[in-house]
2 protein chains.
Amino acid sequence: MHSTAEENYIKAIYKLSGAGVSAVSTTALSEMLETKPASVSDMLRKLSAKDLVHYVKYHGVQLTQEGQRVALKIIRKHRLWEVFLVQKLHFTWDEVHDVAEQMEHVKSELLTQRLDEFLGHPRVDPHGDPIPTEAGELPEVEQRALATLAIDQKGVVCRVKDTQPAFLQYLNRMGIQIGSQLQVVDKIAYDNSLEINIDKNKSVILSSDVLEKIFVINP
Amino acid sequence: MHSTAEENYIKAIYKLSGAGVSAVSTTALSEMLETKPASVSDMLRKLSAKDLVHYVKYHGVQLTQEGQRVALKIIRKHRLWEVFLVQKLHFTWDEVHDVAEQMEHVKSELLTQRLDEFLGHPRVDPHGDPIPTEAGELPEVEQRALATLAIDQKGVVCRVKDTQPAFLQYLNRMGIQIGSQLQVVDKIAYDNSLEINIDKNKSVILSSDVLEKIFVINP
DNA sequence: ATAAAAGTTTAGGGAAGTCTAAATGTTTTT
DNA sequence: AAAAACATTTAGACTTCCCTAAACTTTTAT
């Protein structure tokens, strides 16, 4: 089996390997994992020896097929536990991340399987992130950042791409959650912020930072 | 916070501190934890420095008040997760121990509280072991080992004191579970085994080893 | 094109937790 | 009451994962 540390590296590499990223840098990993680059180099050598990553010194790292399989398993567990915490234990979406971060490392195939069943095979977690299937598929739904909507366009919130409590609590205060109906009221050109109407009710100004983290469907 | 290793030592010391035990020996701990006595000595020094145990070299170890508090918290979490696994995820009682052993180390007060609530504040786990309350009380119910019953006496199984899968699977095959109605049919004097009737149905011979691990009420 | 800046790796070391082997303390036996 | 047996601790070492400092490679800027 893999250690918790190894699993955290694999997950971090996976998350930093977005579309069009050929290799993940040591520095990027050290930032995400809050360690020093020297520690990352160490671990990459180790993961490479286990054939979990393709690692070329000074040129970054990529997951192997096996590495991807492992990453998706961890992410599947993390997101299933998040669903459990919110739906069954009534956690709020800003409380789940740290706890799920611990639970995702519990080793038991049976547990994951049964949890999935118990929750009714959910497709997304409380932040709208898709849950990898048992077979290791990660079905992505068509969606766009709120920032890409033009004036008067509408969208329904289906995902938020930042799990930090501070961000999620900010959305709580704005009254934005998964399923919220948003409409662009106005564009403030000089800083790319938008005035957004929420659920045909109050309107708020959202900074471009925030607009990039909220995803909607029905454009 | 305490490390997983520390928590496991504390739990082991607690479990070995039965009634009338003044101090737990290094060897006993090393056996329960499957480590070498030398490693135990090391850790006891460390736990002593943290005031979790009273440790006198060459004379064994006891939990401090704080140590006991920590032990009961871990045991509470372990047993609550066992209930969850059996009642909600349909694990059998021989499948839960190893998984609960991992989950008990997840750190979150809120999680434990909410889990307890979700399960309806259960009083015992699937093996009949009482669950410590949030306040750190461990309510023990009156009960006696099956070995202490005389011929013709009846009892209802309320607890089994061995969580090894092999033992529990043996009970499964005998048809013995929590709630089973047992009656002593005969005593085989030479090896202290008993012939036991199960649920007014079939009868089986149970060795004295097994008889010491099954507890009943209504004597 | 090359020097400076930025990024990465290596070398050496520390904490946690484990081990073996040797030394020391305690208990039992005779 | 000493010897033998047993239990425990200490000493030194290993692994994992992290660190700092120094060396090295790649990228950027002039």
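None of these values were measured; they are calculated from a predicted model. All chains are named by letter (A, B, ...) in the order of the sequence lines, taking the proteins before the strands, and each is independently numbered beginning at 1.
At D/dT16, none of the side-chain N or O atoms of A/Y9 fall inside 4.0 Å of OP1 or OP2 (strictly under the cut-off).
Side-chain contact between B/H54 and B/T64 is present, with heavy atoms from C-beta onward closer than 4.5 Å. B/F118 places none of its side-chain heavy atoms less than 4.5 Å from the side chain of B/L80.
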Apply the test side-chain contact (heavy atoms from CB on, under 4.5 Å) to residues A/W81 and A/V96: give CA-CA distance (whole Å), side-chain angles for both, the deciding distance (0.1 Å), then the verdict. CA-CA 8 Å; A/W81 282 119; A/V96 297; over 6 Å; no

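Rounded to whole angstrom, the span from the NZ atom of B/K36 across to the C1' atom of D/dA7 amounts to 15 Å. Distance B/M43 CE to C/dC19 C1': 14 Å, rounded to the nearest Å. Put simply, CD on A/E6 is 14 Å from C1' on D/dC18, counting in whole angstrom units.
Under 3.5 Å, the side chains of A/D209 and A/S207 contain no donor-acceptor pair of N or O atoms. Side-chain contact of B/H127 with B/E82: a donor-acceptor pair under 3.5 Å is present, judged by distance alone.
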When every nucleotide of nucleotides 9-14 of chain C is labelled 5' to 3' by its protein contacts under 4.0 Å (heavy atoms), B for base, S for sugar-phosphate only, - for none, what sequence of letters results? BB----

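B/F84 does not carry A/K88 over the face of its six-membered ring by the limits of under 6.0 Å from the centre and within 45° of the normal.
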